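For reference, the structure discussed in these notes is given below.
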Amino acid sequence: MKHVVSVGLGSSTRDSYIETELLGQPIIIERRGADGSVKAAIKFIEELDGKVDAFGLGGTDLFIQIANKRYFLRESLQIASHAKKTPLVCGAGLKDTLERKVVSELDKTVHWKNKKVLVVSAVDRFGMAETLAQLGADCTFGDMIFLLGLDMPFKKLKGLARVARIAAPPATKMPIKWLYPTGQNQESTKDHDWRSKYFEAAEVIAGDFHLIRRYAPKDLQGKVILTNTTT
């Protein structure tokens, strides 16, 4: 039986364990949250390295992407480096392939053209962001707003890419918890935050659920939410 473990910086309250079958192969799928602690995530990997068949990196990615440029996160690489024997992957591949397809398929019913879409972070889900823009959505990219706390919305991915070339190298060296909700911060929200105006102006709110949940106002009546990790 194959055994896959997702080790992440998220809350341990969402830990899970299932035994199932995929493509005729019995498999154990397990999630272990390190409650925002890089040291705890590393300890999990060291304990399981060589004993399980694959690791998934949760609560972060190995890199963020804008256009064709990848910016690797220092703490993510630090965690991944402790997997000496067992292969480790993050969700970036799915974001750049499956999410593009999903957004395109949804265009048949949602019709993205001219929809006012708030993408909370394009560098986190570039496949989603780029596909929405290509399909004619009126996008607002909130990377500076929701990752760095700066009131700087972007309407074009090219503009965001220019700023990312300057901001990404130092940002990727920061602790992940400064950029993205980890541990208990995934359970808390900032209702009536100054960022609420961007949610109110949008018809569609797209991107990572933890970022959306942390900053969105409680009343989202009438909004379309395009997201994941809704547990």
Side-chain angles (χ1 to χ4, degrees), residues 3-18 28-49 51-66 70-96 99 120-128 142-149 167-190 193 195 207-216 227-231:
H3 189 177
V4 177
V5 180
S6 172
V7 175
L9 296 176
S11 171
S12 60
T13 59
R14 294 187 291 114
D15 281 3
S16 60
Y17 177 101
I18 64 168
I28 296 170
I29 303 173
E30 187 177 355
R31 179 197 183 277
R32 296 194 183 186
D35 293 316
S37 170
V38 172
K39 289 184 178 179
I42 289 172
K43 185 178 180 181
F44 283 147
I45 289 177
E46 288 178 337
E47 290 174 350
L48 296 170
D49 190 31
K51 300 176 183 177
V52 297
D53 296 284
F55 287 121
L57 184 62
T60 183
D61 284 314
L62 289 173
F63 58 85
I64 56 176
Q65 179 172 332
I66 185 74
R70 293 178 176 180
Y71 302 93
F72 286 84
L73 299 169
R74 183 171 65 181
E75 280 194 340
S76 296
L77 290 177
Q78 181 184 356
I79 295 169
S81 69
H82 290 265
K84 307 293 186 182
K85 300 175 182 177
T86 300
L88 181 146
V89 297
C90 70
L94 286 176
K95 293 178 184 180
D96 201 39
E99 285 193 358
V120 290
S121 173
V123 298
D124 175 58
R125 320 197 84 80
F126 186 74
M128 175 187 288
D143 296 74
M144 303 299 284
I145 300 165
F146 298 102
L147 298 182
L148 297 180
T172 53
K173 293 179 175 61
M174 295 178 183
I176 293 167
K177 64 182 180 182
W178 290 8
L179 303 172
Y180 178 78
T182 61
Q184 291 184 344
N185 284 335
Q186 292 184 347
E187 311 296 329
S188 63
T189 61
K190 291 189 175 184
D193 186 86
R195 301 166 181 85
D208 180 88
F209 179 71
H210 290 304
L211 279 178
I212 292 172
R213 182 177 184 270
R214 183 155 176 78
Y215 295 109
T227 188
N228 67 331
T229 319
T230 52
T231 51

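Fair warning: this is a prediction, and the values are worked out from it, not measured in the lab.
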Verdict with supporting geometry, Ser76 and Ile176, side-chain contact (heavy atoms from CB on, under 4.5 Å): CA-CA 8 Å; Ser76 296; Ile176 293 167; 3.5 Å; yes
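- Val123 has its side chain within reach of Leu147: a pair of non-hydrogen atoms, C-beta onward, lies under 4.5 Å apart.
- Contact detail for Leu211 and Ser121: the closest heavy-atom pair is CD1-CB, 3.9 Å.
- Note that OG1 of Thr13 and CG of Asp15 are 7.5 Å apart. Values are rounded to the nearest 0.5 Å.
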side-chain contact (heavy atoms from CB on, under 4.5 Å) between Asp61 and Lys95, worked out: CA-CA 11 Å; Asp61 284 314; Lys95 293 178 184 180; 2.4 Å; yes
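- Scanning both residues, Phe209 and Asn228, for their nearest heavy atoms gives CB-O, 2.7 Å.
- Distance CZ/Arg213 to CG/Asp208: 12.0 Å, rounded to 0.5 Å.
- Side-chain atoms of Arg32 and Val5, non-hydrogen and from C-beta on, do get closer than 4.5 Å to each other.
- When side chains are defined from C-beta on, Leu48 does not count as touching Thr86, because their heavy atoms never get closer than 4.5 Å.
- The aromatic rings of Tyr17 and His3 stand perpendicular to each other, their planes meeting at an angle above 60°, with 30° marking the opposite boundary.
- Taking CD of Glu75 as the reference point, atom CD1 of Ile42 lies at 8.5 Å (rounded to 0.5 Å).
- To the nearest 0.5 Å, atoms CD1 (Ile64) and CG (Asp124) are separated by 8.5 Å.
- Here the closest non-hydrogen pair linking Pro169 and Thr172 is O-OG1, 3.0 Å.
- With contacts defined as side-chain heavy-atom distances shorter than 4.5 Å, the pair Ser37/Leu9 does not qualify.
- Between Thr227 and Gly207 the shortest heavy-atom distance is OG1-O, 2.8 Å.
- Checked by atom type and distance alone, the side chain of Asp143 pairs as donor or acceptor with a backbone atom of Ala122 at under 3.5 Å.
- Residue Ala34 comes nearest to Ala41 through the heavy atom pair CB-N, 3.6 Å, listed as atom of the first residue, atom of the second, then distance.
- Contact record, Phe44 with Gly33: CE1-O, 3.8 Å, taken as the closest heavy-atom pair.
- Within the 3.5 Å criterion, the main-chain N or O of Tyr215 finds no donor-acceptor partner in the side chain of Asp193.
- A 4.5 Å side-chain heavy-atom check between Asp49 and Phe55 finds at least one atom pair inside the cut-off.
- Here CE of Met174 is found 11.5 Å from CG of Leu73. Values are rounded to the nearest 0.5 Å.
- The distance from atom CD of Glu46 to atom NE2 of His82, rounded to the nearest 0.5 Å, is 5.5 Å.
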Arg214 vs His210, side-chain contact (heavy atoms from CB on, under 4.5 Å): CA-CA, chis, key distance, verdict: CA-CA 6 Å; Arg214 183 155 176 78; His210 290 304; over 6 Å; no
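- Between Val4 and Val52 the shortest side-chain heavy-atom distance does not fall below 4.5 Å.
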